Amino acid sequence: MRTVPALLTALTALTAYYVYTPLPSTLAEPWKLLLLDATFRLAQDLSNFAHYVGFSHHLRVLNFVSNYFDKMDPASSIYLEVSDTVFDGVEVRIFEPKKELHGSLQRSIIYVHGGGWALGSARTRSYDSLCRQISEDVNAVVVSIEYRLVPNVHFPEQINDVYTATKYFLQPEVLAKYSVDPQRIAISGDSAGGNLAAAVCQQLAQDETVTTKVKLQALIYPVLQILDFNTPSYQQNMNMPILSRFVMIKFWLDYLNGSHSFAHAMLVNNHTSLDVNEAIALRQLLNWNSLLPLSFKKNYTPLMQSIGNPSIIQEVPALFDPRASPLIAHKEILKKLPKTYILTCEHDVLRDDGTMYVKRLEEAGVDVTHDHYEDGFHGCMIFATWPTYFSAGARTRDGYIKWLVENL
Ligand SMILES: *[C@@H]1O[C@H](CO)[C@@H](O)[C@H](O)[C@H]1NC(C)=O
Ligand SMILES: *[C@@H]1O[C@H](CO)[C@@H](O)[C@H](O)[C@H]1NC(C)=O
């Protein structure tokens with residue numbers, strides 16, 4: 001019987017070891033965040049194990065497990081009609097305020113969920129409830145796009161899916177069917193969904209066959225570049241909960257169908273070293289280190305290798321494609337973009353991706369609102385409801401919705 005307390009002690013110690021990571025004092029609700037992060041890491045470790053023993057691709061396992069516990073049917077409420085349909089071959093979930101509750105034409109938001117281009121779904125509880133809330137509070141038709149994911153498809157298929165569904169929706173007769181005002185449409189997304197929303201917004205701005213222009217883009221802690229994994233925010237938050245730097249690099253490599261064997265070289269920016277021709281050409285056009293405010297840089301030293309691994313660009317040609325990294329698009333394209341909202345969080349490796357895009361858009365003459373949350377962490381906006389409620393989650397969500405209400 002002695003073994004029971006001994007086992008319990010060992011289990012507690014192991015749990016504490018697994019759960020505990022030192023966190024900065026400016027983060028609100030640190031213990032809750034550690035628990036949430038430990039749950040994620042446990043799920044990741046289990047799916048890596050399933051991958052290792054040959055059961056299935058780790059991302060497929062992870063997606064299956066999270067969707068199994070989390071998937072919601074399209075349930076209408078007294079305010080909203082919710083339905084699943086298909087736009088030109090791409091699945092979407094639509095949230096429409098009930099007809100009797102509004103007069104004529106309504107506003108609309110095209111929403112692209114996050115999850116590293118590999119996880120998540122418009123049908124998960126988190127995104128279903130976020131889109132419901134947006135639809136009710138803005139009194140707008142929300143189209144949440146169920147694009148295909150890694151490992152079933154890779155770059156640029158995720159963009160193509162979002163583009164196809166968006167272009168279909170923007171046709172005058174489709175907008176009319178949903179009673180949407182063509183002058184009041186936004187495109188929005190969080191994390192990898194923010195990357196896709198930004199890429200699609202750039203593509204729409206250049207597509208002369210699309211006559212309806214979107215009025216706004218709203219990007220929530222977006223992923224915007226793969227050139228530098230040593231920006232101040234990557235350096236300062238490399239082991240932050242929810243999204244560590246190494247996990248982000250692996251998401252990138254999976255998205256671009258590159259081998260994970262490049263991850264360590266990319267960690268030290270060997271993919272954009274000075275012996276990579278494409279990187280030199282890009283640096284002449286864009287010195288991304290100059291785009292950040294001093295207050296973010298703190299003890300930052302840029303990491304630029306003179307000799308690196310030029311072979312990576314041969315294997316992963318999408319590395320310098322602005323559709324993957326919307327931050328590096330030409331100024332001529334940025335000039336055509338609509339009014340923009342960008343939300344960033346202090347405790348997030350992607351803080352500087354969003355912040356640099358704010359600066360580039362402003363320099364191109366775009367009207368930008370930058371909301372920065374000092375106690376925010378990556379992904380917080382979808383943690384705004386029970387059982388994963390965070391005050392930073394509710395505040396970021398409410399601030400974002402308020403901006404949509406006032407600007408759309
Ligand atoms: C992804 O990479 C693998 C291995 O390099 C290759 O066999 C496969 O065709 C690639 N898939 C796509 C969609 O490019
Ligand atoms: C970066 O590139 C240099 C030069 O090719 C090489 O010596 C070094 O091992 C590389 N670093 C990593 C982590 O791959």
Side-chain angles (χ1 to χ4, degrees), residues 4 6-23 29-72 113-129 146-154 158 190-193 223 237-264 267 348-350 377-380 382-383 385-390 393:
V4 175
L7 266 178
L8 273 180
T9 312
L11 198 66
T12 313
L14 192 70
T15 311
Y17 174 76
Y18 203 86
V19 170
Y20 186 71
T21 328
L23 288 181
E29 302 157 288
W31 273 102
K32 233 192 247 175
L33 186 57
L34 287 179
L35 278 178
L36 184 66
D37 184 53
T39 314
F40 279 10
R41 276 187 291 132
L42 183 65
Q44 277 168 15
D45 290 347
L46 291 176
S47 53
N48 287 341
F49 179 73
H51 189 135
Y52 176 74
V53 298
F55 177 66
S56 178
H57 192 285
H58 70 108
L59 291 168
R60 216 171 260 137
V61 180
L62 205 53
N63 228 340
F64 175 80
V65 173
S66 58
N67 289 353
Y68 184 81
F69 289 108
D70 204 30
K71 218 151 212 171
M72 307 276 290
H113 72 79
W117 306 282
L119 303 171
S121 157
R123 298 178 178 131
T124 53
R125 187 180 303 272
S126 22
Y127 286 108
D128 184 88
S129 61
E146 189 74 331
Y147 56 95
R148 289 167 301 158
L149 301 172
V150 172
N152 295 331
V153 294
H154 301 271
Q158 281 83 344
D190 61 296
S191 191
V223 190
N237 302 296
M238 59 174 81
N239 295 316
M240 207 43 80
I242 313 298
L243 185 66
S244 71
R245 175 167 69 166
F246 202 61
V247 166
M248 188 63 234
I249 294 181
K250 288 195 288 184
F251 274 134
W252 263 120
L253 283 166
D254 283 327
Y255 178 43
L256 302 184
N257 198 27
S259 158
H260 280 193
S261 63
F262 299 136
H264 283 99
L267 205 62
D348 181 0
V349 288
L350 301 173
F377 57 91
H378 189 74
C380 60
I382 57 167
F383 303 117
T385 47
W386 190 88
T388 49
Y389 173 89
F390 284 82

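Computed from a predicted model, the values in this text were never measured in an experiment.
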Seminar exercise, completed: Interatomic distance, CG@Leu36 vs SG@Cys380, rounded to 0.5 Å, equals 11.0 Å
For this session: Could you grab the distance from atom CD of Glu29 to atom CG of Leu35, nearest 0.5 Å is fine?
Result: 12.0 Å
For this session: Could you grab the distance from atom CE of Met240 to atom CG of Leu350, nearest 0.5 Å is fine?
Result: 12.5 Å
For this session: Give the C-alpha distance, both sets of side-chain angles, the deciding distance and a yes or no for side-chain contact (heavy atoms from CB on, under 4.5 Å) between Met238 and Ser244.
Result: CA-CA 5 Å; Met238 59 174 81; Ser244 71; over 6 Å; no
Exercise. Just by distance, do the side chain of Asn237 and the backbone of Asp348 share a donor-acceptor pair under 3.5 Å?
Worked result: yes
For this session: For Ser129, check side chain to side chain contact (heavy atoms under 4.5 Å, CB included) against everything at least two apart and list the hits.
Result: Thr385
For this session: Report yes or no: does Gln158 contribute a side-chain atom to a donor-acceptor pair with the main-chain N or O of Tyr147 at less than 3.5 Å?
Result: no
Exercise. With under 30° as parallel and over 60° as perpendicular, where do the rings of His113 and Tyr127 fit, or are they tilted in between?
Worked result: tilted
Exercise. After noting the C-alpha distance and the side-chain angles of Asp254 and His260, does the key distance pass the side chain to side chain donor-acceptor pair (under 3.5 Å) rule?
Worked result: CA-CA 8 Å; Asp254 283 327; His260 280 193; 3.0 Å; yes
Problem set entry | Val61 versus Ala50, closest heavy-atom pair with distance | CG2-CB, 4.1 Å
For this session: Could you list the residues that satisfy side chain to side chain contact (heavy atoms under 4.5 Å, CB included) with Tyr389, not counting sequence neighbours?
Result: Lys32, Ser391, Ala394
Problem set entry | Minimal non-hydrogen separation, Ala118 against Leu149, with atom names | O-CD1, 3.5 Å
Problem set entry | Ring centre gap for Phe49 and His58 strictly below 6.0 Å | no
Exercise. Where is the tightest heavy-atom contact between Leu243 and Met248, given as atom of each residue plus distance?
Worked result: CD2-SD, 3.8 Å
Seminar exercise, completed: In terms of heavy-atom contacts, Asn63 and Gly120 come closest through OD1-N, 3.5 Å
Problem set entry | Between CZ on residue Phe246 and NE2 on residue His264, distance to nearest 0.5 Å | 4.0 Å
For this session: Sequence neighbours left out, what passes side chain to side chain contact (heavy atoms under 4.5 Å, CB included) with Leu62? Give chain and number order.
Result: Ala43, Gln44, Ser47, Leu119
Problem set entry | Shortest non-hydrogen separation from Ser191 to Gly114 and the atoms involved | CB-CA, 4.4 Å
Exercise. Does one side chain, of Arg245 or Asn239, offer a donor that lies under 3.5 Å from an acceptor on the other?
Worked result: no
Exercise. Below 4.0 angstrom, N of the basic side chain to O of the carboxylate: do Arg41 and Asp45 qualify?
Worked result: no
Exercise. Do you know the tightest heavy-atom contact between Gly115 and Ala192?
Worked result: N-CB, 4.3 Å
For this session: Could you check whether the rings of Phe390 and Phe377 sit parallel, tilted or perpendicular, using 30° and 60° as the cut-offs?
Result: perpendicular
Exercise. Should Val150 and Phe251 count as side-chain neighbours, where that means a heavy-atom distance under 4.5 Å?
Worked result: no
Exercise. Tell me, do Asp128 and Lys71 make a side-chain contact under 4.5 Å, heavy atoms counted?
Worked result: no
For this session: Verify side-chain contact (heavy atoms from CB on, under 4.5 Å) between Met72 and Arg123, making sure each step is shown before the conclusion.
Result: CA-CA 5 Å; Met72 307 276 290; Arg123 298 178 178 131; 5.7 Å; no
For this session: With rounding to the nearest 0.5 Å, note down the distance linking NE2 in His378 to CG in Asp37.
Result: 12.0 Å
